Protein chains: 2
Amino acid sequence: MTAAPRMRANPPRQQRGLRRGSLTKEIIVSESMRLLDEDGADGFSMPKLGRALGADQTAVYRHFASKDDLLLAIADRLIEEAMAGLERLDCWVGTLTEMCRRLRLTYLAHPAAASMSACRTTQGPAEIRAVDIIIGAILEAGFEGAEAARMYRAIGDFSLAWAGGEAAFLALDRSAQQRDRAAWRQAYLSVSREAHPNIWQVRAELPEVRDDDIFESILSVVMAGLRQQARRPCACHAPAISQPPPGGRRS
Amino acid sequence: MTAAPRMRANPPRQQRGLRRGSLTKEIIVSESMRLLDEDGADGFSMPKLGRALGADQTAVYRHFASKDDLLLAIADRLIEEAMAGLERLDCWVGTLTEMCRRLRLTYLAHPAAASMSACRTTQGPAEIRAVDIIIGAILEAGFEGAEAARMYRAIGDFSLAWAGGEAAFLALDRSAQQRDRAAWRQAYLSVSREAHPNIWQVRAELPEVRDDDIFESILSVVMAGLRQQARRPCACHAPAISQPPPGGRRS
DNA sequence: CCAGTTTGTCCAAGCCATTGACAACGACTC
DNA sequence: GAGTCGTTGTCAATGGCTTGGACAAACTGG
């Protein structure tokens with residue numbers, strides 16, 4: 001027992017676990033997302049992740065310094081997935097619309113992962129590339145200098161915030177989600193005409209609104225506003241969605 | 001706020017803990033928000049909350065069935081605080097703008113609390129009242145039926161998502177926040193002109209953008225888009241926020 | 001063949017959420 | 001006033017979590 005030279009006698013320890021090199025960052029991130037998709041954010045822990053990998057509860061710490069570190073890697077993977085194969089389109093409105101839709105779809109596909117990492121920035125190459133494309137569209141719209149910088153942040157943060165918000169709701173456990181939806185349904189229908197006349201007026205339509213339609217509505221509103229404030233129209237034809245402004249600034 | 005835990009100077013003996021009735025839901029929620037504002041979301045735990053109240057680590061469980069239950073109460077308090085004293089304005093654009101600004105300011109004042117509860121709905125009276133006011137503005141804009149319902153959800157969810165997203169970032173610990181900002185600054189400045197020409201073009205302006213300006217930009221874009229899609233103009237004169245009105249559209 | 005580094009495992013410390021048993025206290029009945 | 005009961009604060013305990021340190025197997029370079 002004194003220290004030292006290998007007492008290789010007979011400890012049947014035998015390392016029942018994995019072989020060296022079985023775990024890589026890529027594998028760990030993939031398994032994390034699988035677990036998150038399956039069990040939600042609450043059930044996600046380092047011990048469970050290790051066991052799911054067939055390894056020790058603490059094995060992941062050999063590859064990520066902390067759980068937060070792993071989280072950033074997951075965020076990076078999400079951005080990468082959302083922006084895979086993205087190309088700039090001819091028209092700047094189309095480019096921005098496409099990016100917002102892509103990010104949202106990816107986040108909705110992995111709500112638990114997204115809700116944990118939506119507000120983090122990773123500076124990964126995918127992120128930088130997306131930023132360049134967005135700014136390109138903003139410049140194409142005729143914004144310049146500080147205004148362009150501000151508009152990029154406005155659109156980029158809008159897209160992230162919206163997708164993150166939707167993901168956060170979907171990341172709640174089924175019961176809380178169901179309870180929330182049911183409660184609203186109930187609250188809408190039982191509202192009194194006197195106390196809340198406006199809700200009363202649309203009480204029948206409120207529960208029927210679908211998430212996809214809500215998103216397309218706000219996206220359309222944002223794009224309409226952008227087009228109006230832009231110095232240059234987009235390459236595609238549609239000048240505005242509903243009515244043209246009487247002041248006639250078609251440019 | 002009325003009943004502070006009245007503590008007697010020096011109880012002679014026994015009285016190892018608090019008197020009966022020392023804790024109420026209101027007091028607990030207030031102390032929770034104080035702790036969250038001070039120490040952030042990470043350092044917020046039931047034991048700490050109990051100790052901060054001068055009570056046992058588990059005392060809070062006598063008033064809230066679970067931490068999640070407490071969370072909903074905190075969310076309710078936030079909405080209440082945001083909407084306190086809100087009145088409908090003459091112009092529907094002004095009403096919607098005011099609500100978005102109010103919610104954001106409250107969330108920014110309590111980022112940790114907000115980031116934990118932004119995606120929850122509480123069905124509290126304050127929330128219902130806010131909903132009624134928003135729908136009122138949407139109806140005033142001339143939207144009807146299912147379209148009005150959809151637009152209400154679009155604007156309401158937009159406001160919540162944006163404020164929640166900003167709060168989530170501010171709720172990160174100082175170091176991560178600082179690191180994020182610094183990293184972006186660095187990434188912007190060191191970007192190559194060839195690889196990312198668009199970022200390069202605004203690299204100097206990007207780090208200077210302020211959060212308040214970003215918010216006002218997206219808000220202005222959304223309101224411009226809404227005005228364009230609305231069936232009726234708002235009561236106030238301004239036809240658009242950003243550009244100077246050359247010839248005011250009449251009320 | 002050996003030394004050094006990686007990486008997987010074991011073990012343990014310290015924190016957390018939550019629960020059940022117990023005890024003091026207030027209200028209510030007789 | 002005495003007894004009963006529900007409320008609420010405390011205590012002790014359980015099981016899970018993150019994380020760090022010690023050890024050992026396996027791969028690497030010499």
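Here the structure is a predicted model, which means the values were calculated and not measured. We name chains A, B, ... by the order of the sequence lines, and we start the count at 1 in each one.
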Taking donor-acceptor contacts at under 3.5 Å, does the side chain of Ser45(B) reach the base of dC15(C)? no

If I compare all heavy atoms of Met116(A) with all of Leu71(A), which pair ends up nearest, and what's the gap? CE-CD1, 3.1 Å

Contact summary for Ala163(B) and Arg104(B), nearest pair of heavy atoms: CB-CA, 3.9 Å

Is the charged tip of Arg203(A) near the ring of Trp200(A): under 6.0 Å from the six-membered ring centre and within 45° of its axis? yes

With sugar-phosphate meaning primed atoms plus P, OP1 and OP2, does Pro47(B) contact a base, only sugar-phosphate, or nothing at under 4.0 Å between heavy atoms? sugar-phosphate

Identify whether any heavy atom of Thr58(A) sits under 4.0 Å from a base atom; if not, whether one sits that close to sugar-phosphate; answer base, sugar-phosphate or nothing. base

Nearest whole angstrom, please: distance from the [atom2] of [N] to the [atom1] of [X].
X        : N       : atom1 : atom2 : answer
Asp56(B) : dC22(C) : CG    : P     : 17 Å
Leu49(B) : dT10(D) : CG    : P     : 13 Å
Phe64(A) : dT19(D) : CZ    : C1'   : 16 Å
Lys67(B) : dT18(C) : NZ    : P     : 8 Å
Tyr61(A) : dC23(D) : OH    : P     : 22 Å
Gln57(B) : dG14(C) : CD    : C1'   : 12 Å
Arg51(A) : dC10(C) : CZ    : P     : 13 Å
Leu35(A) : dC17(D) : CG    : P     : 12 Å

Note: for Lys48(A) and Arg62(A) on DNA chain D, the residue whose nearest nucleotide lies more 5' is Lys48(A)

Short side-chain N/O contact from His63(B) to OP1 or OP2 of dG9(D), under 4.0 Å: yes

Quick one, Met83(A) and Leu103(A) - any side-chain contact, counting heavy atoms below 4.5 Å? yes

What nucleotide among dG8(C), dC11(D), dA17(C) has an atom nearest to a side-chain atom of Leu23(A)? dG8(C)

Taking NZ, NE, NH1 and NH2 as the nitrogens, is one of them in Glu216(B) or Arg101(B) under 4.0 Å from a carboxylate oxygen of the other? yes

